[in-house]
Amino acid sequence: MEVLKRLLAVLFAVVGASLAVHFVLDPVLYDWESGQPVLWHVFDWARAVSLPLAVIVTYEAKRRSDAQAGVRELIEANLPLYLTVALTLLFYWNWVQVNWAAGDQTPDSQVFVFIDVVLPLVFVPLGLRLWNESSSA
């Protein structure tokens with residue numbers, strides 16, 4: 001179980017940190033008039049895999065904290081869960097419009113901007129928390 005926690009910790013921390021860096025450097029690196037850069041497709045698949053895993057991990061943390069009655073513990077467990085669920089729903093909703101939409105649907109690029117800003121704020125602390133939990137056990 002500790003090995004799985006470490007692997008998930010690395011996944012979340014790497015996806016979150018690399019997405020943040022790539023998001024900031026995007027305007028300098030790419031000319032969007034020639035189409036979407038390939039590296040964004042890699043990040044799409046990384047988010048598609050890691051977001052459902054993050055929902056599971058944050059749900060388990062919430063379930064463990066439900067036994068504790070403190071307000072701080074409830075906030076620390078509920079906030080990451082609900083943020084992760086919201087990011088997952090937004091990501092899949094917009095990603096499906098980008099790749100597989102029928103008709104004249106167009107994705108909202110501002111949704112991806114929101115996801116790319118908030119996801120690192122959820123994933124990096126989640127990865128660090130999992131890493132610390134696996135180290136202390």
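The local environment of CZ in F114 is sparse, with at most 12 non-hydrogen atoms from other residues, nucleotides or ligands closer than 6.0 Å.
Within the structure, the ring-ring contact (aromatic ring centres under 6.0 Å, His included) test picks out the following pairs touching residues 42-87 (sequence neighbours left out): H22-F43, W40-F43, W45-W95.
In terms of hydrophobic clustering, with Ile, Leu, Val, Met, Phe, Trp and Tyr side chains grouped at heavy-atom distances under 4.5 Å, L4 and L53 are assigned to a common cluster. In terms of hydrophobic clustering, with Ile, Leu, Val, Met, Phe, Trp and Tyr side chains grouped at heavy-atom distances under 4.5 Å, L121 and L128 are assigned to different clusters. In the hydrophobic clustering of this structure, V118 groups with V21; members are Ile, Leu, Val, Met, Phe, Trp, Tyr whose side-chain heavy atoms approach within less than 4.5 Å, directly or through other members. A single hydrophobic cluster is not seen to contain both I115 and V124; linkage of ILVMFWY side chains at heavy-atom distances under 4.5 Å, directly or through other members, places them apart. Clustering ILVMFWY residues whenever any of their side-chain heavy atoms sit less than 4.5 angstrom apart, transitively, puts V85 in a cluster other than the one holding I75.
Taken from CG in N78 to OG1 in T58, the straight-line distance is 10.0 Å, to the nearest 0.5 Å. The line from CG of L39 to CG of D44 is 10.0 Å long, rounded to the nearest 0.5 Å. One distance of note links OG1 of T84 with CG of L89; it measures 11.0 Å at 0.5 Å rounding. If you take CD on E60 and CG on L81, they are separated by 10.5 Å, rounding to the nearest 0.5 Å.
Heavy atoms only, all atoms of each residue included: A61 and R129 are closest at CB-NH2, 3.9 Å. The shortest non-hydrogen separation linking G70 to E73 is CA-OE1, 3.1 Å. Residues A46 and S50 approach most closely at O-OG, 2.7 Å, considering heavy atoms. The two atoms that bring S65 and L74 nearest to each other are O-CD2, 4.2 Å, heavy atoms only.
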Side-chain donor-acceptor distances from residues 5-18 under 3.5 Å, at least two apart:
residue, atom, partner, partner atom, Å
K5, NZ, E133, OE1, 3.2
R6, NE, S134, OG, 3.0
R6, NH2, S135, OG, 2.8
S18, OG, V14, O, 2.5
S18, OG, V15, O, 3.4

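Annotation: side chain of V111 is in contact with side chain of W93 (closest heavy-atom distance under 4.5 Å). Using a 4.5 Å heavy-atom cutoff, the side chains of R47 and D116 are in contact. Looking at L119 and L51, their side chains come closer than 4.5 Å, going by heavy atoms from C-beta outward.
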